[in-house]
Structure formats: structure tokens, C-alpha cells
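Right, one structure below, let's go through it.
When a ligand or atom number is given, it counts from 1 through the structure's own listing order.
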Amino acid sequence: MSIDQNKCNFKIENIDSHKHISDMKNPQKEMKCLALYNPLTNIPNIIYAKENLPKIINLVEQSKFAAIVYININDFKNVNYDLGYKLGDKLIVKIVSIIKGYIKEEDMLCHVAIDRFAILVRSVKDELDLAGLVYSLSKSLEKNVTIENSNIYISASLGIAIYPKDGRDLEELFRNADTAMSFAKISGKSNYKFFESNMRKEVLEKVELEKELREAVENNEFTVLYQPKVNIRTGKLEGAEALVRWIHPTKGIISPVVFINLAEEIGLIEKIGEIVMKTVCSQNKKWQEAGYKKAAIAVNLSVNQLKSNRILNLIKKTLNDTKLEAKWLEIEITESIIMEDFRYFKKMLNKIRDLGIKVYLDDFGTGYSSLSYLKTIPVDYIKIDKSFIDDIGKDKKQSAIVSALIQLAHGIDFKVVAEGVEDMLQLKILQKYNCDMVQGYIFSKPVSKEEFEEMLKKESISNL
Ligand code: C2E
Ligand code: CA
Ligand code: CA
């Protein structure tokens with residue numbers, strides 16, 4: 001398909017992103033243009049950009065300064081999901097009107113995908129001016145927008161690639177602006193980033209890791225380590241936390257910190273979660289059948305695992321297949337996850353607890369849950385984050401906070417576990433504050449199943 005500019009009444013030399021299809025003088029003759037415009041926003045789409053590539057490149061080459069600004073509206077899918085497509089469409093129209101307030105006639109706005117836009121900026125004179133424009137644009141794309149009585153918080157991630165240093169052709173400029181945008185997204189909401197050459201390297205490394213992680217799931221290259229949870233008064237083993245490791249064929253042991261987020265992003269977390277849950281339950285049953293001390297083992301669940309009812313089926317099926325009683329399986333979920341969608345996760349956790357499974361609120365203190373929420377969170381244990389424990393021996397204020405957290409938790413009938421306890425002074429202070437359980441290097445790092453089996457045999461970790 002080639003664009004006939006005369007028929008479309010559209011001059012590429014004077015690109016008009018503000019032009020509306022209904023402004024066309026002869027709609028029938030200009031129907032062809034419809035395929036080249038986004039029907040919702042009436043601005044050129046990616047097909048338009050591709051069709052007119054030589055002309056656009058010509059424009060770029062003639063410009064004193066040109067750059068691509070790539071814009072992604074954060075979490076737009078959630079708006080569509082929570083409030084419906086109609087409101088989502090209206091929001092996009094509103095966003096386009098905000099963006100249009102920042103572009104001039106010689107710039108070109110392109111609607112790349114429903115929540116993605118690209119601006120070919122030619123109206124600024126240099127990088128400094130562009131930085132000013134992008135800063136203002138990103139600030140005005142972070143706000144509460146009211147549509148049909150719904151108050152919607154929007155924010156955007158922006159990536160910038162400058163011609164010719166970041167790409168000699170449009171495709172390369174687009175790709176690099178997109179890469180910069182994904183870095184902006186990682187570094188926090190409502191951010192913008194200028195492309196840097198090392199970003200490409202990092203993206204390629206991520207693509208490689210992604211490929212290897214898919215193979216790791218196929219070949220089950222995972223193992224589970226167990227870190228004991230110890231009763232702070234008796235020194236007895238109370239249970240353990242299961243912590244996954246990836247045994248990479250050439251790179252060796254890879255920490256979950258490196259791959260859990262990636263697994264979530266590319267949709268592999270459910271499969272990895274299933275491997276961990278099955279391994280833990282069948283191993284625990286074997287230990288019980290061998291007559292060792294019975295211990296509950298906690299599995300970490302991440303946000304995407306908890307977003308679907310499949311997690312309930314997985315838990316039920318695994319317990320059924322392994323014949324492990326529900327009380328010997330526990331789950332840990334971080335405080336920040338719950339705060340993402342309190343009502344939903346509250347319901348989900350209640351369903352999990354109804355199965356007889358105890359729940360830990362992990363990384364407590366880092367997720368900004370308000371105290372009024374806390375009393376209704378359906379959990380059994382609170383795990384005070386390591387960052388609070390680190391300084392309790394050195395910093396009086398920190399120690400006062402931990403003391404208050406423990407009292408607060410006990411006041412609403414939660415048991416308290418302190419994580420990341422590394423030295424005797426921390427342990428003594430936690431004993432004084434009546435903490436219930438302790439997990440940390442002071443007793444043991446996460447260990448293999450063989451080593452944990454030895455701990456189960458002894459039943460006690462320390463003579464406290
Ligand atoms: P987390 O749930 O907060 O786990 C505690 C982390 O702190 C573990 O790191 C553990 O090895 C480490 N740790 C425990 N005691 C100490 C200590 O005294 N000092 C120090 N410096 N570190 C200590 P790990 O095993 O690298 O796990 C990191 C995170 O990965 C976990 O944080 C958890 O969020 C996630 N993760 C681990 N296994 C799984 C899994 O099977 N599924 C999911 N979804 N996430 C997992
Ligand atoms: Ca945990
Ligand atoms: Ca934790």
C-alpha cells in the first residue's frame with residue numbers, strides 16, 4: 001500500500017499530527033487514510049510511519065536536530081482490566097491531548113500501539129532543549145485524571161534516541177528509544193531516559209538470560225535450599241523457608257534475585273513456582289515418613305502466582321498428590337504485593353488459609369501498609385525485614401522501631417519472625433523484645449536438603 005498524499009489531502013512536508021479524519025474534504029476518496037491512522041485518536045499509526053519511511057528519513061536528515069521520544073503509559077492494561085475498554089479508550093484520547101500540548105507543527109506524533117506513542121521531535125534546537133521538553137512532558141503525564149467520575153492515576157515512561165548518534169536510520173532510532181524507555185520503566189514510574197550504548201548490551205544479556213531460563217524450566221535446572229526458622233526461647237527448629245536456586249549448566253548457582261523478576265515478566269513464574277511447591281511437599285513428606293521431626297516449610301509466592309485461582313488448584317493438587325497435611329506447608333507473601341490490590345489479595349489469602357495453610361507477611365516494614373489495613377490482613381506471622389534488624393544493635397531508634405513492631409504485631413495476634421539475624425547482639429535484643437522466631441546466618445544459611453535433614457534429626461539448632 002502506498003499513500004497518495006494528494007488524495008489524502010495530507011502533506012508529509014507539513015506533518016500535521018493534530019489533523020482529524022473528519023476534517024478531510026472528501027472522505028470516500030480518503031478512506032485509504034483510515035488504515036494509516038489510529039481510529040481512536042486519529043493520529044498516524046505505525047503503518048503510516050512505515051509507508052512514509054523514505055520521506056520521514058528525508059525530513060530527519062534535513063533537520064538541524066531530530067530525536068525520537070518513545071512513550072509508554074504505565075500499567076494501562078490495568079485500567080482496561082479494572083474499568084473497562086470504554087474508559088480506557090477515553091483515557092487514551094485524554095493522554096493524546098496532553099501530549100499534543102507539547103508538540104509543534106514540525107513534530108510528528110505516531111500512535112504505535114494502544115498504550116505506546118512515538119514523537120519525532122524536530123522543533124527543538126539541541127539536547128538540552130529536548131531534555132526540558134521531555135521533563136515537562138513526563139511531569140504532565142503523571143497525574144490523576146477524572147473520566148466519567150472515575151479518578152485514574154496515570155504515569156508514563158519515556159525513552160529518547162537522538163539522530164544520528166543513537167541511530168542512523170529510523171528503525172534503529174525507534175529500537176533504541178524503545179530500549180531507553182524500558183530502562184526508564186525499570187528505574188521507577190514516571191521516568192525518562194536518554195539512550196546510552198551500554199543499554200543495548202544489557203538488553204542483549206537479558207534476552208540471552210531469558211532464553212536460558214526457558215531452557216532451565218524445560219530441563220528442571222532448579223534446586224531448593226532450606227533455611228531453618230528457630231524458636232527464639234528454646235533454640236528448637238520450628239520449620240524452614242524454601243529458597244530456590246538455579247543450577248546453570250555453565251554459570252553455576254544463580255540467585256533468585258537474578259531470575260525471579262525476569263520469570264514473572266516473561267510468564268515463567270508459575271512453572272518455577274510449581275516445581276518449588278512440588279519439590280518441597282514431596283521432600284517434606286519423605287522426611288515425615290522417615291520419622292524425622294515434623295516441620296512446616298514455607299514457600300515464597302510472588303505476585304503473578306497469586307493473581308490467578310490456579311494457585312489454589314496447584315496447592316490442593318500438590319498436597320493431594322504428595323499426601324502431605326496442609327499444616328506442614330506454609331506460604332510467604334511480601335507486604336508490598338498485598339498493598340497493590342488489598343481487596344483482591346485479602347480474598348485470595350483467606351481462600352489459602354481456609355485450606356489450613358499458614359501465611360507469613362514477608363519483608364514487613366518495607367511495604368508501607370497502613371496500620372488500619374494491618375489488623376485485617378489475613379496472615380498468621382509477620383516477618384520483620386532484614387533492613388530493620390541490621391542496625392538494632394547500633395541504632396537506638398531502629399531498635400525502638402523493632403520493639404514497637406513486635407508489640408504491635410502481638411497486639412493483633414500475629415506471631416513475629418525476625419529475618420536476617422546475623423549476630424548475638426541482635427539475637428539478645430530480639431529475645432528481650434519477645435520476638436517469637438528467628439531466621440538468619442547466626443544459626444544457618446540456606447542449606448541443601450541433605451544438610452537440613454541433619455538438622456531435622458537433631459531437632460535443635462542451638463542451646464539457647
Ligand atoms: P526473601 O523471601 O526475603 O528471602 C530471604 C533472603 O535473605 C534469602 O535470600 C536468604 O538467603 C537471605 N538471608 C537469610 N538470612 C540472612 C542473613 O542472616 N543475612 C543475609 N545477608 N541474608 C540472609 P535468597 O535465597 O537469595 O532469596 C532472595 C529472594 O528471592 C527471597 O527473598 C524471595 O523473595 C525470592 N525467592 C526465593 N525463592 C523463591 C521461590 O521459590 N519463589 C519465589 N516467588 N520467590 C523466591
Ligand atoms: Ca521469604
Ligand atoms: Ca524476606
Side-chain angles (χ1 to χ4, degrees), residues 213 216-217 220-230 232 239-247 252-281 283 296-308 310-311 314-315 318 329-338 358-367 379-393 405 416-427 430 435 437-449 451-452 461-462:
L213 191 57
V217 170
N220 191 356
E221 293 168 9
F222 300 98
T223 192
V224 175
L225 299 185
Y226 300 86
Q227 188 177 33
K229 288 176 184 165
V230 181
I232 201 163
E241 175 178 11
L243 294 155
V244 68
R245 297 288 180 269
W246 173 7
I247 313 292
I253 299 171
I254 301 184
S255 154
V257 177
V258 176
F259 66 87
I260 290 289
N261 284 347
L262 178 63
E264 290 231 42
E265 219 177 280
I266 61 175
L268 284 181
I269 193 68
E270 285 194 66
K271 285 197 175 144
I272 296 173
E274 190 176 332
I275 293 173
V276 173
M277 178 116 19
K278 285 183 173 164
T279 307
V280 167
C281 291
Q283 183 59 57
I297 298 178
V299 168
N300 289 283
L301 293 186
S302 44
V303 62
N304 286 338
Q305 289 173 275
L306 277 161
K307 271 188 179 159
S308 119
R310 282 193 293 273
I311 189 66
L314 173 67
I315 293 173
T318 312
L329 173 67
E330 298 175 331
I331 67 150
E332 295 195 6
I333 162 172
T334 62
E335 183 192 13
S336 51
I337 293 179
I338 299 187
K358 296 228 162 48
V359 178
Y360 287 77
L361 187 64
D362 205 351
D363 301 346
F364 182 66
T366 62
V379 297
D380 302 278
Y381 297 94
I382 274 178
K383 260 186 127 169
I384 301 181
D385 191 61
K386 178 177 180 301
S387 57
F388 285 87
I389 306 299
D390 282 344
D391 290 333
I392 50 170
L405 284 180
V416 182
V417 185
E419 72 176 352
V421 180
E422 293 184 347
D423 61 48
M424 212 48 201
L425 181 58
Q426 292 168 338
L427 185 72
L430 290 163
C435 181
M437 277 194 270
V438 174
Q439 190 184 337
Y441 292 179
I442 185 167
F443 293 123
S444 170
K445 291 194 168 181
V447 294
S448 67
K449 64 171 193 276
E451 289 168 282
F452 189 67
I461 295 286
S462 152

Between L213 and I272, does a side-chain contact (heavy atoms from CB on, under 4.5 Å) hold up when you go through it step by step? CA-CA 10 Å; L213 191 57; I272 296 173; 4.3 Å; yes
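- Within E332, the N/O/S atom positioned nearest the Ca ion (ligand 2) carries the name OE1.
- At a 4.0 Å heavy-atom cut-off, ligand 1 does not touch L225 at all.
- Contacts between P446 and ligand 1 below 4.0 angstrom, taking non-hydrogen atoms only, involve the side chain exclusively.
- Between F452 and Y226, the ring-plane angle classifies as parallel under the 30° and 60° cut-offs.
- Contact of the I253 side chain with the I247 side chain is registered, since non-hydrogen atoms from C-beta on lie closer than 4.5 Å.
- Scanning the protein for heavy atoms near atom 19 (N) of ligand 1, the closest one is E422 OE2, 2.5 Å.
- Looking only at side-chain heavy atoms (C-beta outward), I461 and S444 stay at 4.5 Å or farther from each other.
- Looking at E241, its N, O or S atom nearest to the Ca ion (ligand 2) turns out to be OE2.
- Counting heavy atoms under 4.0 Å from ligand 1, residue K445 does not touch it at all.
- Counting only heavy atoms from C-beta outward, the side chains of M277 and I315 approach each other to under 4.5 Å.
- The single protein non-hydrogen atom nearest to atom 5 (C) of ligand 1 is E419 OE1, 4.0 Å, given as residue, atom name and distance.
- Protein heavy atom in closest approach to atom 42 (N) of ligand 1: N300 O, 3.3 Å.
- Between Q439 and ligand 1, no N or O atom pair is found at a separation short of 3.5 Å.
- Residue side and main chain included, N300 places an N/O/S atom under 3.0 Å of the Ca ion (ligand 2).
- Of all atoms in ligand 1, numbered sequentially from 1 with element shown, those under 4.0 Å from a heavy atom of S302 are 44 (N).
- Within the cation-pi definition used here (under 6.0 Å to the ring centroid, within 45° of the axis), K445 qualifies as a partner of Y441.
- When G420, A298, P256 are ranked by how near their heavy atoms come to atom 37 (C) of ligand 1, first place goes to P256.
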Passes side-chain contact (heavy atoms from CB on, under 4.5 Å), D363 versus E332? Steps please. CA-CA 9 Å; D363 301 346; E332 295 195 6; over 6 Å; no
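- Using a 4.0 Å cutoff on heavy atoms, Q305 counts as a contact of ligand 1.
- Between Y360 and the options E330, E241, E419, a side-chain hydrogen bond (donor to acceptor under 3.5 Å, both in side chains) holds for only E330.
- Taking 4.5 Å as the limit, some side-chain heavy atom of L329 sits within range of a side-chain heavy atom of C281.
- Applying the 4.0 Å criterion to heavy atoms of V421 picks out, from ligand 1, the atoms 18 (O).
- Q426 contributes a side-chain N or O that, together with a main-chain N or O of I389, makes up a donor-acceptor pair within less than 3.5 Å.
- When rounded to 10 degrees, the angle formed at the Ca ion (ligand 3) by OD1 (D362) and OE2 (E419) equals 110°.
- For ligand 1 and K386, the ligand atoms under 4.0 Å from any heavy atom of the residue are 19 (N), 20 (C), 21 (N), 22 (N).
- Side-chain atoms of Q305 never come within 3.5 Å of backbone atoms of I311 as a donor-acceptor pair (strictly under, hydrogens ignored).
- In this structure, the protein non-hydrogen atom closest to atom 3 (O) of ligand 1 is D363 OD1, 3.4 Å.
- One option in Y441, F222, Y360 has a heavy atom closer to atom 17 (C) of ligand 1 than any other, and that option is Y441.
- Considering only heavy atoms from C-beta on, R245 stays 4.5 Å or farther from S255 through its side chain.
- Within the 3.0 Å limit, D363 places no N, O or S atom next to the Ca ion (ligand 2).
- Nearest heavy atom pair, residue V416 against residue C435, reads O-SG, 3.6 Å.
- Using a 4.5 Å heavy-atom cutoff, the side chains of K383 and K229 are in contact.
- Using bins of under 30°, 30° to 60° and over 60° for the plane-to-plane angle, the ring pair F259/W246 lands in the perpendicular bin.
- Per-atom contact check: atom 45 (N) of ligand 1 touches the protein, criterion being a heavy-atom distance below 4.0 Å.
- For atom 7 (O) of ligand 1, no protein non-hydrogen atom is found at a distance below 4.0 Å.
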Run I260 and V244 through side-chain contact (heavy atoms from CB on, under 4.5 Å) and show every step you take. CA-CA 9 Å; I260 290 289; V244 68; 4.2 Å; yes
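- Distances from atom 10 (C) of ligand 1 to the heavy atoms of L243, D423, V244 show the closest one on L243.
- For ligand 1, the atoms sitting less than 4.0 Å from at least one non-hydrogen atom of E241 are 2 (O), 4 (O), numbered in the order shown with element in parentheses.
- Taking every heavy atom of G440 and a limit of under 4.0 angstrom, the matching atoms of ligand 1 come to 15 (N), 18 (O).
- Ligand 1 has no atom lying under 4.0 Å from any heavy atom of K383.
- Considering only non-hydrogen protein atoms, atom 15 (N) of ligand 1 sits nearest to Q227 NE2, 3.0 Å.
- Under the 4.0 angstrom criterion, atom 32 (O) of ligand 1 counts as lacking any protein heavy-atom contact.
- Residue contacts with ligand 1, taken as heavy atom pairs separated by less than 4.0 Å, do not involve V299 at all.
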